[in-house]
Amino acid sequence: MKLLMIRVVLLSIVGSVIAFSPSSLQRSRGTNSRLMANVLEGKEIEKDFTPINNMLLVKKADAVEKTHGGLILTGKNKIVKSEGTVAAAGSGRINSETGFQSPMPVSIGDSISFGKFSGQELIYNGVKHTLIRDDDVLVRFPEGKEKTLENAEVIWDNVLVKIQKKEIKESGGILIAATTKKMSVSSIGEVMKVGPGRYAFNGVLMEMDVVPGDMVKFRDFSAQEVEIDGEEYAVIRMSDLLAKF
């Protein structure tokens, strides 16, 4: 009887050793890695999907299903905004002549707004993402901060402007009644935020020529609209500003 009990104990010990042997651990890890494989456009990929150069992988924000007034939106009526969270980023653009690499102006986890027609959509791990360039970013909100005007930042040589609206007059010069008047976007506005500037080919940061509070005149159709705190603003590149006053 004692010999039988000793054999059972020895077999249990050997079984435990085999269970935790390197080969068994390797098989376990292999199984887990297969279960956690990344999926790009319905196909499994062995590595993480990583942008290069000045590209960004952005996880798109969910479509708006309810208006501020409480109206429920369904189907095609849902509002799809060009907003999202930076999921991955390249290392930055490299100048082909000097080799200078511009640092990326956003960080993983930042919330951003980007151009309506920017980027290329894809499905990564079952979630809608968009690949955009850093130049496509209109406004960024650092990770963990609310999407308010105070926390809003513009990148490179971009300027955030509150555009003035003007009343449309009839051909005879008479203003349309307040109940029926229409508003037209002008090419004049007040500077609210200013980016740090853009790097020259030699790595020197070129300073901006405007500051918050300046009034500016800019090229027609150069503004890209963005909404912050329910208010409409526009992002304009420094090269599209014509004058300040």
Pairwise side-chain contact, [X] with [Y], heavy-atom cut-off 4.5 Å (strictly under):
X      : Y      : result
Asp110 : Val137 : no
Leu160 : Val194 : no
Ser82  : Phe117 : no
Arg219 : Leu242 : yes
Ser222 : Arg237 : no
Asn38  : Glu44  : no
Lys217 : Leu241 : no

Checklist entry - Of the non-hydrogen atoms in Ser186 and Phe218, which two are nearest, and what is the gap between them? => result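 That closest heavy-atom pairing would be O-CZ, 3.8 Å.
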
Next on the checklist: Tell me the closest heavy-atom pair linking Gly92 and Gln101, and the distance in Å.
Outcome noted: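 Looks like O-NE2, 3.2 Å.
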
Next on the checklist: Ile112 and side chain to side chain contact (heavy atoms under 4.5 Å, CB included): which single residue from Val86, Ile155, Leu138, Thr85 fits?
Outcome noted: Val86

Next on the checklist: Name the residue from Ile163, Ile236, Val191, Ile188 that meets the side chain to side chain contact (heavy atoms under 4.5 Å, CB included) definition with Val216.
Outcome noted: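 Exactly one pass, corresponding to Val191.
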
Checklist entry - Hey, what's the ring geometry for His129 with Tyr124, parallel, tilted or perpendicular (30° and 60° as the breaks)? => result perpendicular

Next on the checklist: Check whether Glu190 reaches the backbone of Met215 with its side chain - one donor and one acceptor, N or O, closer than 3.5 Å.
Outcome noted: no

Verify same cluster id: [X], [Y] (apolar side-chain graph, 4.5 Å):
X      : Y      : result
Ile228 : Val161 : no
Val106 : Phe49  : no
Val154 : Val226 : yes
Met208 : Val235 : no
Val58  : Leu131 : no

Item to check | Selection residues 127-137 - residue pairs positive for salt bridge (Lys or Arg N to Asp or Glu O under 4.0 Å), sequence neighbours left out | outcome: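 Listed once each, the pairs are Arg93-Asp135, Arg133-Asp136, Asp135-Arg198.
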
Item to check | Flag if over 12 foreign heavy atoms under 6.0 Å of CD, Glu146 | outcome: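 No, not enclosed.
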
Next on the checklist: Would you say the rings of Phe100 and Phe201 are close, in the sense that their centroids are separated by under 6.0 Å?
Outcome noted: no

Checklist entry - Taking it one step at a time, do Lys162 and Glu232 satisfy salt bridge (Lys or Arg N to Asp or Glu O under 4.0 Å)? => result CA-CA 7 Å; Lys162 181 65 175 178; Glu232 292 183 2; over 6 Å; no

Item to check | Counterpart residues, side-chain contact (heavy atoms from CB on, under 4.5 Å), relative to Glu150 (two or more places apart) | outcome: Thr148

Item to check | Test log, rule side chain to side chain donor-acceptor pair (under 3.5 Å), inputs Glu143 and Ser111 | outcome: CA-CA 7 Å; Glu143 183 180 9; Ser111 296; over 6 Å; no

